[in-house]
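Report on the following structure.
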Amino acid sequence: MHDQHSDRALVDLPGTGTLLRNLNPEQYAAVTLGPEPSLILAGAGSGKTRVLTTRIAWLLSTGQVSPGGLLAVTFTNKAAKEMLTRLSAMLPIAVRGMWIGTFHGLCNRFLRAHWKLAGLPQSFQILDSGDQLSAVKRVIKAMGLDEQRFVPKQVTWFIAGSKEDGQRPKDVEARDPQTRKMIEIYEAYEAQCQREGVVDFAELMLRTYELMRDNASLREHYQRRFRHVLVDEFQDTNRLQYRWLKVFAPPQAPDGAGPQGVFAVGDDDQSIYAFRGAQVGNMADFEREYHVRQVIKLERNYRSFGNILDSANALIAHNAHRLGKNLRTEAGPGELVRIGEHPSDYAEAQWLLDEAQALHRSGVARSEIALLYRSNAQSRVLESALFNAGIPYRVYGGLRFFERAEVKHALAYLRLIENPHDDTSYLRVVNFPARGIGARTIELLQDAAKVGTQSLYQSVGAVAGKGGNNLAAFNALIDGLRERTRGLTLREIIGQVLAASGLVDFYRTEKEGAERIENLEELVNAAESFVTQEGFGKDAVALPVDETSPGAIAGSPVGAAADIPAPDAETGEIQSPLAAFLTHAALEAGDNQAQAGQDALQLMTVHSAKGLEFDCVFITGLEEGLFPHENSLSDGDGLEEERRLMYVAITRARQRLYLSFSQTRMLHGQTRYNVKSRFIQELPEGALKWLTPKHQGFGSGYAREYQSAWSRGSGLGSVVGMGRVEGRPTYAAPPPPPMLQKAREAEHGLRIGQTVFHNKFGEGVIVTLEGSGSDARAQVNFGRHGAKWLALGIAKLTPVD
DNA sequence: AATGTGAAGGTTTTT
DNA sequence: CCTTCACATT
């Protein structure tokens with residue numbers, strides 16, 4: 001039956017011939033699967049996005065589905081955008097109104113269409129995580145609870161976590177008094193959000209799910225409408241998202257409706273978000289519950305050379321719970337994976353920098369070189385080394401555009417124009433810039449609002465006196481803006497707001513206000529380009545009307561407006577540009593990458609590297625406790641996730657991969673003595689090329705160079721009092737040399753920082769030496785076995801090298 | 001209302 | 001060690 005489809009496609013639509021050309025057999029099989037539930041195990045670099053977009057194009061061009069009958073969901077805006085771009089390159093089709101987007105973006109669209117049924121105000125606003133945190137803080141304060149006991153961040157996490165498990169306050173089990181109270185906060189928070197007409201990210205999902213679950217006619221409508229549902233990065237779905245899928249495309253189609261194609265693409269080996277609720281188990285559950293007949297594995301890799309893939313395969317083979325998959329390539333083995341040891345994080349950074357410079361000189365673009373690390377704190381050393389050497393670099397993961405304080409202020413004014421009851425926004429700007437509304441006045445206002453369970457905006461009348469007058473003036477400012485900007489273009493509206501609010505004037509007087517003003521100007525630009533190129537309705541228009549495609553499968557109900565339950569007749573309304581822009585700002589916080597522009601080295605955590613690829617990749621800080629991170633060592637699942645993270649890191653590299661680790665590292669103001677990561681031992685020897693002698697980096701090549709920095713400071717016999725030892729760094733750059741603790745060569749011939757071997761625990765690093773003679777003891781960091789105190793008279797420690 | 005001080009805490013993060 | 005944030009001071 002698949003062949004039938006594709007044959008017809010090739011005959012009827014010449015375009016589809018080229019569409020399917022160049023697919024390998026597995027990709028071809030996946031792309032041309034029939035309308036049945038299917039699971040695609042797509043390895044890193046196996047052409048996953050290509051398969052997804054080609055399948056959509058194939059389904060459309062063969063007339064198996066109309067543009068309106070298709071639902072494709074991703075996690076990130078980037079992935080959604082990419083899909084749309086590639087799709088419109090493949091097909092001459094208006095991609096605009098199609099239901100292709102992020103989970104949250106599509107939920108937003110759904111709720112805008114069915115706001116009434118969902119119990120929301122038409123102009124509901126979306127809280128980002130920052131807004132949510134401040135909303136939770138307000139609730140905790142209003143309930144008179146102690147922020148020490150109920151840490152706002154944790155409470156926020158609890159609420160989001162509950163929602164992502166599909167639980168309302170009543171569903172959460174009150175196992176102890178603390179939890180009981182948390183549930184109360186959750187309840188109060190919900191009430192507050194409802195009153196203010198705002199929803200957080202998780203609420204977008206949960207509301208949508210609940211409305212679909214509870215409203216039979218709506219459910220049937222959408223189930224009949226979406227003939228094909230595609231899910232990207234399925235391994236990252238949480239419980240709620242899987243339930244969401246099941247309610248849009250249940251395993252058992254409703255009576256009278258044709259089968260729904262559910263196409264789930266994922267890679268269990270790249271599941272690195274369990275810590276925030278992703279359930280890898282959803283893949284196995286999906287396979288079982290949807291009776292997937294065969295799982296298609298995409299194992300041919302088009303990105304990396306053999307040695308890199310061999311390393312990735314060998315590493316991930318150490319994980320027990322896998323669906324099972326091995327990457328292969330036809331590109332040949334390529335270069336060996338280079339691996340090196342360094343005496344300190346500082347030396348590691350210097351080496352990295354030299355190596356990257358050499359690569360650049362040999363013709364590799366800086367932007368094709370990635371410096372990866374496990375945690376953000378590690379970027380500091382790298383940055384300072386790069387900064388001092390004047391090498392351009394770019395760090396990913398900072399503040400995003402729409403999260404900047406000045407931008408959020410401007411947005412708050414805009415939101416109040418749309419919805420003055422949004423107390424979060426109200427509080428943010430009621431006295432910013434300062435207009436004589438102090439803490440006392442705001443307290444009075446909040447009390448008044450609480451009594452009448454009204455918004456702050458509504459309660460202004462209840463506050464008398466000077467403060468009250470100022471409040472009234474603020475309300476008048478908002479009202480005035482709303483009146484004055486009615487009918488204006490988005491650009492004009494923002495211009496008015498920036499001027500009338502006094503924001504620009506305020507920043508003009510600030511010392512460091514210039515950059516902030518630039519950002520506000522950038523906001524105007526963002527709005528402008530949103531209106532013109534995106535078409536402001538992109539996220540907002542919610543016409544559940546299908547374009548009737550000539551190729552729609554006969555007999556399948558084509559969702560027309562008439563299918564929509566009566567209460568939603570008003571769904572045809574289009575959001576105002578302003579409302580759409582605010583939604584856009586909340587749902588798409590903007591690039592989290594520093595200013596693009598010049599060719600620069602790419603610095604980022606392994607997490608944020610997921611989905612990217614580079615010619616050359618450095619994975620740094622491969623030390624026990626760091627990578628794998630110590631906090632994840634307690635349970636096996638944690639360690640497996642760390643290993644998957646390493647797997648993701650390795651598979652980012654196309655041509656050349658470097659691994660590095662350091663004997664000492666400055667962390668939390670202390671020098672830590674680390675053992676090399678167990679992941680290094682899990683790589684195949686044959687694929688590696690050691691740049692330093694395998695154990696201690698002492699002895700040859702440039703390792704000796706670095707050793708000097710190390711041993712001069714901690715020099716043999718140079719017994720200095722506790723504390724720092726001044727050492728002359730090999731590189732006379734501003735960052736200080738590694739600070740070394742007291743190094744002592746006592747009668748046992750051991751010193752701090754030395755790598756030793758123990759019969760039972762294996763290799764370890766000496767962290768502390770105490771006592772002398774028969775009393776001598778050493779604390780040794782054995783990595784996975786932890787740090788042990790050993791009596792030197794008893795324990796046999798052999799120095800390595 | 002702006003600025004200063006002290007304590008706490010310091011995986012990973014998109015929407 | 002370094003950042004962040006709540007609180008106190010002028």
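To find a chain, count down the sequence lines: A is the first, B the second, and so on, and within it residues start at 1.
Taking atom CD of Glu164(A) as the reference point, atom C1' of dT13(B) lies 11 Å away to the nearest angstrom. Here the C1' atom of nucleotide dT11(B) and the CG atom of Asp637(A) are 17 Å apart, to the nearest Å. Between the CG atom of Leu639(A) and the C1' atom of dT12(B) there is a distance of 15 Å, rounded to whole Å. Phe201(A) places its CZ atom 12 Å from the C1' atom of dT13(B), with the value rounded to the nearest Å. For the pair Gln132(A) CD and dT14(B) P, the interatomic distance rounds to 15 Å; values are reported in whole Å. Across the protein-nucleic acid pair, Arg374(A) atom CZ and dT12(B) atom P stand 7 Å apart, rounded to whole Å. With rounding to whole Å, Leu667(A) atom CG is found 14 Å from dT3(C) atom C1'. Going from atom NZ of Lys610(A) over to atom P of dT15(B) covers 12 Å, rounded to whole Å.
When each of dT3(C), dT14(B), dT12(B) is scored by its nearest atom to the side-chain atoms of Thr76(A), the top-ranked nucleotide is dT14(B). Checked against dT13(B), dT15(B), dT3(C), the side chain of Thr605(A) finds its nearest nucleotide in dT13(B). Which of dT11(B), dT13(B), dT15(B) sits closest to the side chain of Arg276(A) comes down to dT13(B). Nearest to the side-chain atoms of Arg380(A) among the listed nucleotides dT3(C), dT13(B), dC1(C) stands dT3(C). Closest contact between the side chain of Lys137(A) and the listed nucleotides dT15(B), dT13(B), dA6(C) involves dA6(C). Closest contact between the side chain of Tyr273(A) and the listed nucleotides dT11(B), dT15(B), dT13(B) involves dT13(B).
Taking 4.0 angstrom as the limit, Asn77(A) places a side-chain polar atom (N or O) nearer than this to OP1 or OP2 of dT15(B). Look at Asn631(A) and you won't find any side-chain N or O under 4.0 angstrom from OP1 or OP2 of dT12(B). Contact check, Asn238(A) against dT14(B): no side-chain N or O comes under 4.0 Å of OP1 or OP2. Of the side-chain N and O atoms in Arg400(A), none sit less than 4.0 angstrom from OP1 or OP2 of dT13(B).
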Problem set entry | Leu427(A)/Gln446(A) under side chain to side chain contact (heavy atoms under 4.5 Å, CB included): CA gap, chis, key distance, verdict | CA-CA 10 Å; Leu427(A) 286 170; Gln446(A) 282 178 311; 3.6 Å; yes
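By the 6.0 Å and 45° rule, Arg112(A) stacks over the aromatic ring of Phe124(A).
Across all strands, Glu233(A) comes closer than 4.0 Å to no nucleic acid atom at all (heavy-atom distances). Residue contacts for Asp128(A): at a heavy-atom cut-off of 4.0 Å it reaches no nucleic acid atom on any strand shown.
Between dC5(C) and dT12(B), the distance separating the two C1' atoms is 22 Å to the nearest Å. When the P atom is compared between dT4(C) and dT13(B), the two are found 15 Å apart, to the nearest whole Å.
In the model, Ser660(A) has a side-chain atom that pairs as donor or acceptor with a side-chain atom of Glu348(A) under 3.5 Å.
A salt bridge is defined here as a Lys NZ or Arg NE, NH1 or NH2 lying under 4.0 Å from an Asp or Glu carboxylate O, and Glu682(A) with Arg643(A) meets this definition. Between Asp165(A) and Arg239(A) a salt bridge is recorded (basic side-chain N to carboxylate O distance below 4.0 Å). The pair Lys610(A)-Asp236(A) meets the salt-bridge criterion, with a side-chain N (NZ, NE, NH1 or NH2) lying under 4.0 Å from an Asp/Glu carboxylate O.
Taking 3.5 Å as the limit, the base of dT15(B) and the side chain of Ser129(A) contain a donor-acceptor pair of atoms between them.
Under the stacking definition used here (centres under 5.5 Å, planes under 30°), the residue His104(A) fails to qualify as stacked on the base of dT15(B). Judged by centroid separation below 5.5 Å and plane tilt below 30°, Phe275(A) stacks onto the base of dT12(B).
Position along DNA chain B of the nearest nucleotide to Ala589(A) versus Gly436(A) favours Gly436(A) as the more 5'-ward residue.
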